[in-house]
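Would you mind keeping the following structure in view while I ask a few things?
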Amino acid sequence: MKVIVSKTYEEMCAKAARIIAAQLTLKPDSVLGLATGSTPVGIYKELIRKYEEGRLDFSEVTTVNLDEYVGLSGENDQSYRYFMNHNLFDHVNIPKEYTYVPSGVAEDPEDECENYDLLIQQLGGVDMQLLGIGGNGHIGFNEPADSFAEGTHLTDLTESTIQANSRFFEKDSDVPRRAITMGIGTIMQARKILLVANGESKAKAIYDTLYGPVTPQVPASILRFHPDVTVLVDEAAFKLVAEKE
Ligand code: GLP
């Protein structure tokens, strides 16, 4: 794992955006795996800026997102489809039909999961997967568990994740309890992975990911077995590692 520590969130985002821009320059028809949450927002802003400056072209790019809340349609402003449109897709020249997010309102969610893995296979796999991390070490919506889930699946969110997500919803009862997420197996098949984390609330998850045991109780720890992972953090998220070193 390559770890890049930045002083600030802005610097971290600029570096992550440069890595993604390099990927798209080298392979304009890349399949990008994308993530939601507050962490990647600054990265998407940087990518939009590069696009507006004429330095980046998304016309041949395909994207597959990690996850979606069950029960929310793409029109719901808390859905991950809405988030992606709003924070990236609406602002760059990516054809919308090349952007994939699992559907939270599929008639048969099990089918939706199976089809999502098939889709990724048909696209030839993910070239570069962007990941945030939950305070409990989750990636996508792969929550701490007794085993690593392989493919895209339905999952119950943990209480700590529901609490963390509640800041985006008016009422607690509006916060979705279930999600569709790429599995750990799906994520691990990506050719390159970028994991980004900022702020002290991620310090323990980053420490455990880099130095704790590889265990499904800290889902991100499996990334240590992936051959091409870059971890981008700010100093606050790196705090516990720095103290130990
Ligand atoms: C959600 C998403 C994850 C994301 C995490 C952290 O659980 N499913 O993909 O990494 O939130 O979000 P944030 O970046 O807002 O801390």
Side-chain angles (χ1 to χ4, degrees), residues 1-6 9 11-27 30-40 42-44 46-47 61 63-67 117 120 123-145 147-152 181-199 201-242 244-245:
M1 273 181 161
K2 183 172 172 187
V3 182
I4 302 176
V5 186
S6 298
Y9 171 70
E11 194 185 311
M12 178 191 90
C13 291
K15 284 180 189 161
R18 253 182 263 143
I19 295 172
I20 296 171
Q23 170 69 32
L24 299 189
T25 306
L26 290 169
K27 188 168 186 264
S30 290
V31 177
L32 285 184
L34 296 178
T36 51
S38 48
T39 314
I43 302 172
Y44 296 150
E46 275 292 306
L47 292 176
V61 174
T63 65
V64 283
N65 259 79
L66 281 169
D67 46 11
D117 281 334
I120 294 171
L123 291 171
V126 173
D127 290 302
M128 181 174 275
Q129 175 68 55
L130 179 63
L131 294 177
I133 187 167
N136 60 4
H138 77 237
I139 47 179
F141 270 134
N142 291 276
E143 297 279 28
S147 61
F148 291 111
E150 283 278 327
T152 300
T181 181
M182 278 187 200
I184 293 292
T186 324
I187 293 170
M188 288 292 279
Q189 278 165 28
R191 288 176 197 99
K192 295 188 176 104
I193 295 180
L194 295 185
L195 175 72
V196 291
N198 70 292
S201 64
K202 301 292 170 68
K204 171 119 178 44
I206 288 297
Y207 181 87
D208 290 347
T209 298
L210 297 179
Y211 290 107
V214 173
T215 161
Q217 292 301 329
V218 181
S221 63
I222 190 90
L223 297 174
R224 298 225 299 275
F225 291 152
H226 190 282
D228 193 342
V229 179
T230 305
V231 181
L232 293 119
V233 287
D234 72 350
E235 283 185 346
F238 196 64
K239 197 173 161 234
L240 293 181
V241 180
K244 182 91 181 160
E245 278 177 350

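Just so it is clear, the model here is predicted, and its values are computed rather than measured. Only this structure's heavy atoms are used, side chains among them; waters, hydrogens and symmetry mates stay out.
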Problem set entry | All salt bridge (Lys or Arg N to Asp or Glu O under 4.0 Å) counterparts of Glu143, not counting sequence neighbours | none
For this session: Using a 4.5 Å cut-off on heavy atoms from C-beta on, say whether the side chain of Leu34 contacts that of Pro40.
Result: no
Exercise. Does any pair with a residue in residues 220-232 pass salt bridge (Lys or Arg N to Asp or Glu O under 4.0 Å), and if so which ones, sequence neighbours excluded?
Worked result: none
Exercise. Who pairs with Ala14 by side-chain contact (heavy atoms from CB on, under 4.5 Å), at least two apart in sequence or on another chain?
Worked result: Arg18, Glu46
For this session: May I ask you to test the Leu195-Met1 pair for a side-chain heavy-atom distance under 4.5 Å?
Result: no
Exercise. At their closest point, which heavy atom of Ala197 faces which heavy atom of Ala237, and how far apart are they?
Worked result: O-CB, 3.6 Å
For this session: Report the distance from atom CD1 of Ile184 to atom CZ of Phe225, rounding to the nearest 0.5 Å.
Result: 12.5 Å
Exercise. Mind checking what makes side chain to side chain donor-acceptor pair (under 3.5 Å) contact with Gln217, not counting sequence neighbours?
Worked result: Asp146
Exercise. Hey, does Pro219 have a side-chain heavy atom less than 4.5 Å from the side chain of Pro144?
Worked result: yes
Exercise. Are Tyr44 and Leu130 side-chain neighbours, meaning at least one heavy-atom pair lies under 4.5 Å?
Worked result: yes
Exercise. Does Asp127 use its side chain to pair, donor to acceptor, with the backbone of Val31 at less than 3.5 Å?
Worked result: yes
Exercise. What is the minimum heavy-atom distance between Leu131 and Ala35, and which atoms define it?
Worked result: CA-CB, 4.3 Å
Exercise. Given side chains that start at C-beta, do those of His138 and Thr181 come closer than 4.5 Å, heavy atoms only?
Worked result: no
Exercise. Ala220: what forms a side-chain contact (heavy atoms from CB on, under 4.5 Å) with it, not counting sequence neighbours?
Worked result: Ile133, Ile139, Thr209, Leu223
Exercise. Would you say Tyr211 and Lys244 make side-chain contact, with heavy atoms under 4.5 Å?
Worked result: no
For this session: Kindly write out the residues that satisfy side chain to side chain donor-acceptor pair (under 3.5 Å) with Ser30, not counting sequence neighbours, or none if the list is empty.
Result: Gln23
Problem set entry | Partner set under side-chain contact (heavy atoms from CB on, under 4.5 Å) for Lys2, not counting sequence neighbours | Ile4, Thr230
Exercise. Is the closest side-chain heavy-atom distance between Thr36 and Leu66 below 4.5 Å?
Worked result: no
Seminar exercise, completed: Applied to residues 209-220, the salt bridge (Lys or Arg N to Asp or Glu O under 4.0 Å) test, sequence neighbours excluded, yields none
Problem set entry | Partner residues of Ser6 under the side chain to side chain donor-acceptor pair (under 3.5 Å) criterion, sequence neighbours left out | Lys15
For this session: Would you confirm whether Asp234, through its side chain, and Gly199, through its main-chain N or O, come within 3.5 Å as a donor-acceptor pair?
Result: yes
Problem set entry | Side chains of Glu235 and Val5 in contact at under 4.5 Å (non-hydrogen atoms) | yes
Exercise. If you take all heavy atoms of Gly137 and Ala205, which pair is closest and at what distance?
Worked result: N-CB, 3.9 Å
For this session: Check the pair Thr39, Met12 against side-chain contact (heavy atoms from CB on, under 4.5 Å), reporting the backbone distance first and the verdict last.
Result: CA-CA 10 Å; Thr39 314; Met12 178 191 90; 4.0 Å; yes
For this session: Looking only at non-hydrogen atoms, find the nearest pair between Leu194 and Ala16 and report the distance.
Result: CD1-O, 4.1 Å
For this session: Mind checking side chain to side chain donor-acceptor pair (under 3.5 Å) for Lys239 and listing every partner two or more places apart, or none if nothing turns up?
Result: Glu200
For this session: List for me each residue that meets ring pair (Phe, Tyr, Trp, His ring centres under 6.0 Å) alongside Tyr9, sequence neighbours excluded, and say none if there are none.
Result: none
Problem set entry | Taking every non-hydrogen atom, the tightest pair across Met182 and Thr152 | CA-OG1, 3.6 Å
Problem set entry | Qualifying salt bridge (Lys or Arg N to Asp or Glu O under 4.0 Å) pairs with a residue from residues 208-219, counting only residues at least two apart or across chains | Lys204-Asp208
Seminar exercise, completed: In short, Ala236 meets Ala203 closest at the heavy-atom pair O-CB, 3.7 Å
For this session: For His226 and Ile187, indicate whether the former's side chain and the latter's backbone hold a donor-acceptor pair under 3.5 Å.
Result: no
